Participant: 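Got a structure here, written out as structure tokens. Questions coming.
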Amino acid sequence: MAALFAYSDDSSYRAYQTDLMEYNCAFAVRIHNSTSSQQHQHALKRLKNWENYLRTLMVSGC
């Protein structure tokens, strides 16, 4: 069922989705490669905090 929402019947839009995904992946690689190990650790800590916050919201029913 979820696949119905994830993939368009429109081939030009599917091509756009593929291009966008490739661009975003390449962008993430460029960011990763341009940052230090210390920055990676800081980002990991921040993301873990956000993950914990969102899990708390899910449990509380918000």
Side-chain angles (χ1 to χ4, degrees):
M1 178 79 170
L4 294 175
F5 297 105
Y7 301 101
S8 173
D9 289 337
D10 183 343
S11 62
S12 62
Y13 187 73
R14 283 194 314 272
Y16 165 76
Q17 287 178 306
T18 299
D19 290 346
L20 184 60
M21 183 177 60
E22 289 173 3
Y23 173 84
N24 286 333
C25 288
F27 179 73
V29 167
R30 285 195 311 272
I31 294 295
H32 176 79
N33 290 338
S34 68
T35 55
S36 68
S37 179
Q38 183 180 7
Q39 289 170 316
H40 295 171
Q41 291 302 314
H42 179 73
L44 180 61
K45 183 178 176 182
R46 295 288 300 258
L47 290 172
K48 272 297 195 185
N49 287 340
W50 291 343
E51 178 186 24
N52 292 337
Y53 176 71
L54 291 172
R55 287 183 189 278
T56 301
L57 286 177
M58 288 172 49
V59 169
S60 71
C62 291

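Please read these numbers as outputs of a predicted model, since none were measured by experiment.
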Participant: Heavy-atom count check: over 12 atoms from other residues, nucleotides or ligands less than 6.0 Å from Q38 CD?
Facilitator: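 Count not over threshold, so no.
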
Participant: Side chains of C25 and E22, heavy atoms from C-beta outward: is any pair under 4.5 Å?
Facilitator: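 Result no, sub-4.5 Å side-chain heavy-atom pair not found.
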
Participant: What I'd like to find out is whether the side chain of R14 reaches to under 4.5 Å of the side chain of Q17, using heavy atoms alone.
Facilitator: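 Yes, their side chains come closer than 4.5 Å.
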
Participant: Taking all heavy atoms of D10 and all of S12, pick out the closest pair and write down the distance.
Facilitator: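 Minimum heavy-atom separation between D10 and S12: OD1-OG, 2.7 Å.
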
Participant: Can you measure from CD (E51) to OG1 (T56) and round to the nearest 0.5 angstrom?
Facilitator: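 One gets 10.0 Å once the value is rounded to the nearest 0.5 Å.
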
Participant: Taking atom CG of N24 as the centre, does the number of heavy atoms from other residues, nucleotides or ligands within less than 6.0 Å exceed 12?
Facilitator: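 Counting other residues, nucleotides and ligands, CG of N24 exceeds 12 neighbours.
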
Participant: Would one find more than 12 heavy atoms of other residues, nucleotides or ligands at under 6.0 Å from atom CZ of R46?
Facilitator: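 Check fails, neighbour count at 12 or below.
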
Participant: Please say whether more than 12 non-hydrogen atoms of neighbouring residues, nucleotides or ligands are located less than 6.0 Å from NE2 in H42.
Facilitator: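 Counting neighbours around NE2 of H42, 12 or fewer heavy atoms of other residues, nucleotides or ligands fall under 6.0 Å, so no.
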
Participant: Cluster question for you: counting only ILVMFWY and a side-chain heavy-atom cut-off of under 4.5 Å, with indirect links fine, are V59 and L54 together?
Facilitator: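 Result: no, two separate clusters.
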
Participant: Aromatic rings F27 and Y23: how do their planes relate, parallel, tilted or perpendicular, breaks at 30° and 60°?
Facilitator: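 Because their plane-to-plane angle is under 30°, the rings of F27 and Y23 count as parallel.
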
